[in-house]
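Throughout, protein chains are lettered first and strands after them, A, B, ... in sequence-line order, and every chain is numbered starting at 1.
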Protein chains: 2
Amino acid sequence: MDRKQIPDIVVGRLPQYLRSLQRMYREGRQVTSSQELGERLGISAAQIRKDLSQFGEFGKQGTGYHIENLIQQLRQILHVDQEWEVAVVGAGDIGSAIVRYKGFTDRGFRVTMIFDSDPAKIGTQIGTFIIQDTNNLVEEIQKAGICIAMITVPAANAQSVTEQLIKAGVKAILNYAPISLNVPRGIFIQYIDPSLHLQRMTYYLD
Amino acid sequence: MDRKQIPDIVVGRLPQYLRSLQRMYREGRQVTSSQELGERLGISAAQIRKDLSQFGEFGKQGTGYHIENLIQQLRQILHVDQEWEVAVVGAGDIGSAIVRYKGFTDRGFRVTMIFDSDPAKIGTQIGTFIIQDTNNLVEEIQKAGICIAMITVPAANAQSVTEQLIKAGVKAILNYAPISLNVPRGIFIQYIDPSLHLQRMTYYLD
DNA sequence: TAGATTGTTAATCGATTAACAATC
DNA sequence: TAGATTGTTAATCGATTAACAATC
């Protein structure tokens, strides 16, 4: 029993901290405080200090946190001190946009494969990628040893794609299909559904 | 003090319930239970009953919930028993994909405007939409009375776009730019940043 | 030194779960 | 009636905040 159990809600805030710190770093800043970081993110300073203290003592009393150092620490903690290869399943508008997306650079990810089941798309190119047949998904992902995938197929196909991905050894899935997926323990899922996000706000509108 | 204060975390689950119920409805189902819904979503049955009971008594002992009725109730609660017009700012890959996205249908939203600041894009078409000049954003959004916008511009421009949107009367923003936005009270924001979602999972991978 | 800010503890606050009477 | 499932209460569990000694 070495590793302390970190609440998932804490883990969820770390990438936000990292993103803000990387921004500060690009702005040429050297040092920040829990208070400043908290103001940028809308999170209390106490919360940030408590979250970070779960992993070590990264700050200095009277001074705050050295930005470059804290970035390195967080990258290690989140395992993005490496570049993960990512497979995209579904070469529609969203899948294509993801393949072209520049925002994974320096954040730990690189899309390296895209699949579709439409014969009209298979073999054609998106940027520098050739769209591969979903029928070869398990084999290709396994061969490449890829652990992370994004699903951008229609809702009706998402569960079966998920099962194939798991068979191929994928452990983490970011799902853009508007449906809840069923996965065994040990497989991690995150969801992006813009309608869901919007509905969460319309509750407060009239 | 009439309206009970509902925790935001509860509000956040309602759209998930709605989405699952709409799926069941399309599958031809008439009735469900908190237990079944919970299994589909990975949420405890007690939680679902408690959440729903904040808004009324929608179920029947021994039977469960009438799906069609509960859908209507949730649509009213979330204010998606209407269709909200949505403006998109940024006509890059993501903005274009959103404009073409079919997934807003029956969920309460319809994209009706798209803006960009690139002279090469302004005036050209995406599907049936003509890309408008961001310089006219405030005027056009105000004129149309639009309350909801999505931001898909580069991070460097996102804060200034946000300020223009607020000036135009927008109250709810879904932000795809990988940056925390500063907004006054009364403006609602949701974030979509795939890197953030992925980093939340890589913590658990090794 | 004086001022600032951390890491941490204890107190508070809020969310989830278990359990069950009510009732369809 | 017997079985199932709700709505709700009380108990448990977990997360956030306030406060402050330590110390740079």
Side-chain angles (χ1 to χ4, degrees), chain A residues 1 3-18 20-21 24 29-74 77 200 203-204, chain B residues 1 3-18 20-21 24 29-74 77 200 203-204:
Chain A
M1 233 30 30
R3 191 92 137 61
K4 210 189 329 168
Q5 187 50 44
I6 307 291
D8 185 62
I9 197 160
V10 173
V11 174
R13 282 190 293 259
L14 300 182
Q16 296 185 61
Y17 301 163
L18 177 55
S20 262
L21 289 162
M24 289 180 190
R29 306 281 312 283
Q30 307 270 316
V31 168
T32 188
S33 64
S34 57
Q35 183 171 18
E36 186 192 34
L37 196 51
E39 276 165 14
R40 290 213 183 193
L41 291 170
I43 292 175
S44 81
Q47 175 114 89
I48 289 171
R49 291 202 302 279
K50 187 138 214 281
D51 286 352
L52 294 175
S53 72
Q54 305 250 30
F55 300 94
E57 310 198 350
F58 304 131
K60 214 182 263 187
Q61 283 101 323
T63 312
Y65 300 90
H66 183 66
I67 292 173
E68 191 173 1
N69 171 53
L70 188 50
I71 287 173
Q72 285 315 317
Q73 300 283 354
L74 285 172
I77 292 166
R200 200 182 171 141
Y203 171 79
Y204 299 99
Chain B
M1 240 19 38
R3 191 90 137 64
K4 210 189 332 170
Q5 186 50 43
I6 307 291
D8 185 61
I9 198 160
V10 173
V11 174
R13 282 190 293 259
L14 300 182
Q16 294 181 240
Y17 301 162
L18 177 55
S20 262
L21 290 162
M24 288 181 190
R29 306 280 313 285
Q30 306 270 315
V31 168
T32 187
S33 64
S34 58
Q35 183 171 17
E36 186 192 34
L37 196 52
E39 276 165 15
R40 290 214 185 193
L41 291 170
I43 292 176
S44 81
Q47 176 114 89
I48 289 172
R49 292 202 301 280
K50 186 140 214 281
D51 286 351
L52 294 176
S53 73
Q54 305 249 31
F55 300 94
E57 309 198 350
F58 304 131
K60 212 182 264 185
Q61 282 101 326
T63 313
Y65 299 91
H66 183 67
I67 292 173
E68 191 173 1
N69 171 53
L70 188 50
I71 287 173
Q72 285 315 318
Q73 299 283 355
L74 285 172
I77 292 166
R200 199 181 171 142
Y203 171 80
Y204 299 100

Quick check: on DNA chain D, is the nucleotide nearest A:I9 upstream (toward 5') of the one nearest A:Q61, or the reverse? Name the residue that is more 5'.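 Here A:I9 is the residue nearer the 5' end.
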Pair assignment for DNA chain D - dot-bracket with | for other-strand partners, Watson-Crick or G-U under 3.5 Å: ..||||||||||||||||||||||
Grab the two heavy atoms, one from [X] and one from [Y], that are nearest each other, plus how far apart they are.
X: A:I77; Y: B:Y203; result: O-CD1, 3.4 Å
X: A:Q54; Y: A:P7; result: NE2-CD, 4.1 Å
X: B:L41; Y: B:S20; result: CD2-OG, 3.4 Å
X: B:G12; Y: B:P15; result: O-CD, 3.5 Å

For DNA chain C, the residues among residues 45-52 of chain A that have a non-hydrogen atom under 4.0 Å from it: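 Nucleic-acid contacts, sorted: A:R49, A:K50.
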Can you list, by residue number, the residues of residues 62-72 of chain A that have a non-hydrogen atom closer than 4.0 angstrom to DNA chain C?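 Hits under 4.0 Å, by residue number: A:G62, A:T63, A:G64, A:Y65.
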Looking at A:Q30, I'd like to know if its CD atom is crowded, meaning that more than 12 non-hydrogen atoms belonging to other residues, nucleotides or ligands lie closer than 6.0 Å.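 Atom CD in A:Q30 is not crowded, with 12 or fewer foreign heavy atoms closer than 6.0 Å.
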Let's go through B:L74 and B:L52 carefully: what are the C-alpha distance in whole Å and the side-chain angles of both, what is the deciding distance for side-chain contact (heavy atoms from CB on, under 4.5 Å) to 0.1 Å, and is it a yes or a no? CA-CA 9 Å; B:L74 285 172; B:L52 294 176; 4.2 Å; yes
Below 4.5 Å, heavy atoms only, C-beta onward: do [X] and [Y] meet side chain to side chain?
X: A:L70; Y: A:T32; result: no
X: B:I43; Y: B:L37; result: no
X: B:L21; Y: B:Y65; result: no
X: A:D8; Y: B:Y204; result: yes

Tell me, which pairs form a salt bridge (charged side-chain N to carboxylate O under 4.0 Å, His left out) where one or both residues lie in residues 34-57 of chain A, sequence neighbours left out?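 Passing the test, one end in residues 34-57 of chain A: A:R13-A:D51, A:E27-A:R40, A:R29-A:E36.
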Pairs touching residues 59-68 of chain A that satisfy salt bridge (charged side-chain N to carboxylate O under 4.0 Å, His left out), sequence neighbours left out: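 Qualifying pairs, neighbours excluded: none.
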At a heavy-atom distance below 4.0 Å, which nucleotide of DNA chain C is the first touched by chain A, and which is the last?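 First-to-last contact on DNA chain C, by the 4.0 Å heavy-atom rule, is C:dA4 to C:dT9.
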